[in-house]
Every structure is written in C-alpha cells, then in structure tokens.
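Beneath this line is the structure, given in structure tokens, with notes to follow.
This one's a predicted model, so the numbers in the text were calculated from it and none came from an experiment. Here is how names work: the chains are called A, B, and so on, in the same order as the sequence lines, proteins then strands, and each is numbered from 1.
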2 protein chains.
Amino acid sequence: MGVTKSQIFTDRQNGLAATFRVLANPARIAILEYIASQKACICNDIVDEIGLAQPTISQHLKELKSIDLISGEIEGKKVCYCINLEKWKEVQQQLNTFFDKTSFICC
Amino acid sequence: MGVTKSQIFTDRQNGLAATFRVLANPARIAILEYIASQKACICNDIVDEIGLAQPTISQHLKELKSIDLISGEIEGKKVCYCINLEKWKEVQQQLNTFFDKTSFICC
DNA sequence: TTTTATTATCGTAATATTGCAATATATAAA
DNA sequence: TTTATATATTGCAATATTACGATAATAAAA
C-alpha cells in the first residue's frame, strides 16, 4: 500500500488534517504572511518577494485558494490575491477547537 | 529539483510549517484524540482503536514524540503515551500567533 | 532459560509533494 | 493585428510520506 487510509477516519479528522496539510509548507506560510503584510491586495510581486519560480508560486496560490484561504481577483492582466478573512477566522477557530478539546492531563 | 527549499525561508516559517506537517495526517489526529480521551495514559490499545498496523502506529507515535507533542513512558513491557500538555499549549499559542498576526483585511 | 507479549526498526512498495522548464492562455499596449 | 506582460497549466525529475511485512529488541511470565 502506501497512501493515507482516509476511509477509516471521520470526515472531521480528514478535514482537519487536510487543512493542516495546506499550511504545512514554508513557502505557503511565507506567501500568506506576505499577502497579509500588504494591507491592500498585492498581486504577483509574490514571485519577486519569495525566491521561487513563477509556476511554483502559482501552484502554491492554487492550493491556498482551493481551501478558500485566499481569494484571487483578476484585474486587467494582473491578479490580486487577498486573505479571505472569513475563512481565515473559521480555520483558526477549527484549530482552536481541536486543541481545546484534546488537551487533558494524563501522565 | 523537487524538495522544499527551506534555506530561503526563516527558521520561524520552517518551524511553523514543520509543526503543521506533523498535524497534517488523520491518523495522527486520531491518535492524539484517542490518547487525550483516555484521562489516564493508555498504551497501545491505540493499535486496536485505530485501524492501522502496529508498525504504522509506532511510526506515527515517533513523529508525534519528535516534536514533543506526546511523551512515552516505559512501564514494564508496555509503553504509556500521553499528551505533553506544556508543549501542546505552546503549539496552540504558536499557531494562534500566526493567525492573529496574519489576519488583515485587504480586498 | 525459554516462552510470550509489547513495541521499535528495517526494507520496500505505492503514492504524494515540491519545484521548475516549457508552453499555453489572457489581456493590455503599440 | 502584433507584441509584450502576467498568470496558469502541463509534464517531469527529485524527494517525501504512508503503510506494512518481516524482524529485532525488550521485558515479564512460565
């Protein structure tokens, strides 16, 4: 075999892991931090800012968009990426629920 | 190429991504939730509880231990795994710092 | 000591992920 | 329309991850 056996876990557990997975990459962390640092939506100066090739950045942006963590609006020939604040808060909430629910003292 | 270019990111960004990575697997989520649900430390009934082979569980436990999210105490021929509450809180804090710092309105 | 039960490690197969060059697509500018 | 610029997609090479069987290591029990 060799693939995550998602069938044996709940949708919630799989969803939580999937969210963590999108965040589990330093380039995507850096992209999110950069987008957020520009108060107005800034487009692909991201490619210049981060030290990765344009197709690589484009792919990372696609993944971030796939879970709605960012949105991308087309403006002429440029695209303007922004943090989707609603989803952002939702994810933060989801993670906190996990951490709060799971922390018990045992040993 | 084909590997994450960690050199171009900060230690903080790499560390954050690494933490997310450990959590980015439904089996590890399930293991953490199971360990936490047993108020006293329970050992590898985890293998029975989760539907994965013993070596697989052992490997996941190793990863969780590697970032100190759980501890494993040897008790005779059994090992007792527990949530490391101190680290747990620290990770939750770390993630919240990321989310709080990064959330700005742009679009 | 031998046996048995528990956990860890090794080796390997089956994907999944990361990154980039080449190229396609889309839109503004000339 | 042609050209230039910005972004997305495709295809591929280089790892990384997940899972498990076989086996080793450890310690209690017989």
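Put simply, CD1 on B/Ile29 is 16 Å from P on D/dT17, counting in whole angstrom units. In this structure, CD1 of B/Ile31 is placed 11 Å from P of D/dT18, rounded to the nearest angstrom. As a whole-Å value, the separation of A/Asn14 CG from C/dA16 P is 13 Å. Atom-to-atom, CG of B/Asn25 to C1' of D/dA16 comes out at 13 Å; the value is rounded to the nearest Å. Rounded to an integer number of Å, the gap from B/Ile50 CD1 to D/dA19 C1' is 14 Å. Look at CD on B/Gln7: it is 13 Å from P on D/dT15, rounded to the nearest Å. Atom P of nucleotide C/dT7 and atom CD of B/Glu75 are separated by 10 Å, given to the nearest angstrom. Atom C1' of nucleotide C/dT6 and atom CD1 of B/Ile74 are separated by 11 Å, given to the nearest angstrom.
Nearest to the side-chain atoms of B/Lys77 among the listed nucleotides D/dA28, C/dT18, D/dC20 stands D/dA28. Counting only heavy atoms from C-beta on, B/Lys5 has its side chain closest to C/dC20 among D/dT18, C/dC20, D/dT7. Of all nucleotides listed (D/dC20, C/dT18, C/dA8), D/dC20 comes nearest to the side chain of B/Ala53.
For A/Phe98, the ring pair (Phe, Tyr, Trp, His ring centres under 6.0 Å) test picks out B/Trp88, with sequence neighbours left out.
Applying the side-chain hydrogen bond (donor to acceptor under 3.5 Å, both in side chains) definition to pairs two or more places apart or across chains, those involving residues 18-33 of chain B are A/Arg12-B/Glu33, A/Gln13-B/Glu33, A/Lys101-B/Glu33, B/Arg21-B/Glu63, B/Arg28-B/His60, B/Arg28-B/Glu63.
Within the 4.0 Å cut-off from OP1 or OP2 of D/dA8, at least one side-chain nitrogen or oxygen of A/Tyr81 is found. In this model, the phosphate group of D/dT17 is approached by a side-chain N or O of B/Arg21 to a distance below 4.0 Å at OP1 or OP2.
Between A/Phe99 and B/Asn96, the closest side-chain pair of non-hydrogen atoms is not below 4.5 Å. Using a 4.5 Å heavy-atom threshold, the side chains of B/Ile31 and B/Tyr81 count as separate.
Across residues 54-70 of chain A, A/Pro55, A/Thr56, A/Gln59, A/His60, A/Glu63 each have a non-hydrogen atom less than 4.0 Å from an atom of DNA chain C (numbered order).
Side chain of B/Ser58 to main chain of B/Gln54: no donor-acceptor pair is present (N/O by atom type, distance under 3.5 Å, no hydrogens or angles).
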(message) Quick one, B/Glu90 with B/Lys87, criterion salt bridge (charged side-chain N to carboxylate O under 4.0 Å, His left out). Give me CA distance, side-chain angles, the key distance, then yes/no.
(response) CA-CA 5 Å; B/Glu90 190 186 312; B/Lys87 179 68 178 186; 3.7 Å; yes
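When each of A/Phe9 and A/Asp45 is assigned the nucleotide of DNA chain D bearing its nearest heavy atom, the one mapping closer to the 5' terminus is A/Asp45.
Other residues, nucleotides and ligands contribute more than 12 heavy atoms inside 6.0 Å of the CG atom of A/Asp100.
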